[in-house]
Amino acid sequence: MAEEIAAAISEGRFAPGERLVEAWLADTLKVSRGPVREALKSLAARGLVEIRPNLGACVASPSEESLGQAIVMRGLLEGAAARVAAVSRDAAQRALLEQAVARMRAAADKDDVDRLLDEHWAFHRALVEGSGNAHLVSAWQALRTLILLYRRRIGVHGIDKAHVLRVHGIFLELFAAGDPDEAEAAVRSLIISSGFKLIDRPIDAAALGYITREVTPDGRLVSRLTAH
């Protein structure tokens, strides 16, 4: 039940701040209101729903502070998944990641930013699900939904398509090289730094220590301490 509602939120069928009417959801899902109420409480605990006095449950409308926290946690989770990918070097996962990057390139060639971002998420879903860690996957899915909610609220601005493709090409190279420390550091660092750049706000001071790698203008991955 909770996952069905979460999927509807993630897919944009409910807008940020929109009220979630228990009776309507129960009728639509063909269940009683009790399970719906419990599902909404569960989603509220995950930050996807807000329970407001005299109004009831509404889709979350993340603040910049909340989004910054979500970006940091996403970086940490995907860094852990990258470590697994570099160790396992699983051929099936590699194929999924390469296919997603190929679709990203095709979208970039057509200047289709929405499709590019959809394929970006497909890449990262394959990375996370390939970890085989159900808790990591569940936490990542909740963070993804929060980030998408914020994106829908403010729109999409300033996507550097060439940089996005360059970064994901680097990720593929690191996974193939089989260096788990470097893969984790790169994915963690670039997810966090790119996320804060996208929302146009300074990186939280507490998160700076997680950013140990960056990509130079000529496309090299370097230690952040020696990049300049």
For the residue pair A126 and L97, what are the closest heavy atoms and their distance?
CB-CD2, 3.9 Å

Can you check whether L127's main-chain N or O pairs, donor with acceptor, with Q93's side chain at less than 3.5 Å?
yes

Could you see if V87 belongs to whatever hydrophobic cluster contains L76? Use Ile, Leu, Val, Met, Phe, Trp, Tyr and a side-chain cutoff under 4.5 Å.
no

Is it the case that more than 12 heavy atoms not belonging to D200 sit under 6.0 Å from its CG atom?
no

Hey, could you give me the CG/CD distance between D27 and E22, rounded to the nearest 0.5 Å?
13.5 Å

Do the charged groups of E119 and R105 touch, with an N to O distance under 4.0 Å?
no

Checking the side chain of E18 only, and the main-chain atoms of A15 only, is there a donor and an acceptor separated by less than 3.5 Å?
yes

Are side-chain heavy atoms of L148 and W121 found at a separation under 4.5 Å?
yes

I want to check something: taking the side chain as every heavy atom from C-beta on, are F175 and I170 in contact at a cut-off of under 4.5 Å?
no

Using a 3.5 Å distance criterion without hydrogens, assess whether the side chain of D179 forms a donor-acceptor pair with backbone atoms of D181.
yes

Close side-chain approach of V84 and D90, heavy atoms under 4.5 Å:
no

Does any non-hydrogen side-chain atom of M104 lie less than 4.5 Å from one of H120?
yes

If you round to the nearest 0.5 Å, how far is CD1 of I211 from CD of E214?
9.0 Å

Test log, rule side-chain contact (heavy atoms from CB on, under 4.5 Å), inputs F171 and V101
CA-CA 10 Å; F171 290 164; V101 170; over 6 Å; no

Is the side chain of R213 donor-acceptor paired with the backbone N or O of L221 at a distance under 3.5 Å, no angle test?
no

Which pair of heavy atoms, one from A108 and one from L165, lies closest together, and at what distance?
CB-CD1, 3.8 Å

All heavy atoms of E184 vs all of G79, minimum pair found to be CG-O, 3.3 Å

Judged by atom type as modelled, is there a donor-acceptor pair below 3.5 Å linking the side chain of S131 to the main-chain atoms of V128?
yes

Verify, without hydrogens or angle tests, whether R83 (side chain) and A185 (backbone) share a donor-acceptor contact under 3.5 angstrom.
no

Tell me, do I71 and I199 make a side-chain contact under 4.5 Å, heavy atoms counted?
yes

Minimal non-hydrogen separation, A122 against R103, with atom names:
CB-NH2, 4.1 Å

Look at the side chain of T28 and the backbone N and O of W24, then say whether any donor-acceptor pair between them is shorter than 3.5 Å.
yes

Result block: side-chain N/O donor-acceptor pairs under 3.5 angstrom for residues 132-142, not counting sequence neighbours:
residue	atom	partner	partner atom	Å
N133	OD1	H135	N	3.0
N133	OD1	L136	N	3.0
W140	NE1	E78	OE2	2.8

Show me the side-chain donor-acceptor pairs of residues 48-60 shorter than 3.5 Å, one per line, residues at least two apart or across chains.
residue	atom	partner	partner atom	Å
E50	OE1	R52	NE	3.2
E50	OE1	R52	NH2	2.8
E50	OE2	S61	N	3.4

Output the distance between atom CZ (R224) and atom CG (L190), rounded to the nearest 0.5 Å.
11.0 Å

Considering all heavy atoms, the nearest A39-I5 contact
CB-CD1, 4.1 Å

Just checking, is any N or O donor in the side chain of R188 or T212 under 3.5 Å from an acceptor N or O on the other one?
yes

I'd like to know if K110 and D112 make a salt bridge, using a cut-off of under 4.0 Å between side-chain N and carboxylate O.
no

Do D111 and K161 meet the salt-bridge criterion of a basic N to acidic O distance under 4.0 Å?
yes

Test side-chain contact (heavy atoms from CB on, under 4.5 Å) applied to H124 and R144, step by step
CA-CA 10 Å; H124 292 276; R144 171 182 176 272; over 6 Å; no

Kindly work out whether a path of hydrophobic side-chain contacts (I/L/V/M/F/W/Y, heavy atoms less than 4.5 Å apart) joins V164 to L96.
no

Side chains of R74 and I147: closer than 4.5 Å at any heavy-atom pair?
yes

Gap separating the CZ atom of R94 from the CD atom of E98, nearest 0.5 angstrom
4.0 Å

Are any of the side-chain heavy atoms of L117 and I159 separated by less than 4.5 Å?
yes

Would H163 and H168 satisfy side chain to side chain donor-acceptor pair (under 3.5 Å), going step by step from the backbone distance to the final call?
CA-CA 9 Å; H163 178 74; H168 287 78; over 6 Å; no

Nearest heavy-atom pair of Y210 and S189: which atoms, and what distance?
O-OG, 3.3 Å

Do the side chains of F123 and L172 get nearer than 4.5 Å, heavy atoms only?
yes

R166: which residues meet the salt bridge (charged side-chain N to carboxylate O under 4.0 Å, His left out) condition with it, sequence neighbours left out?
none

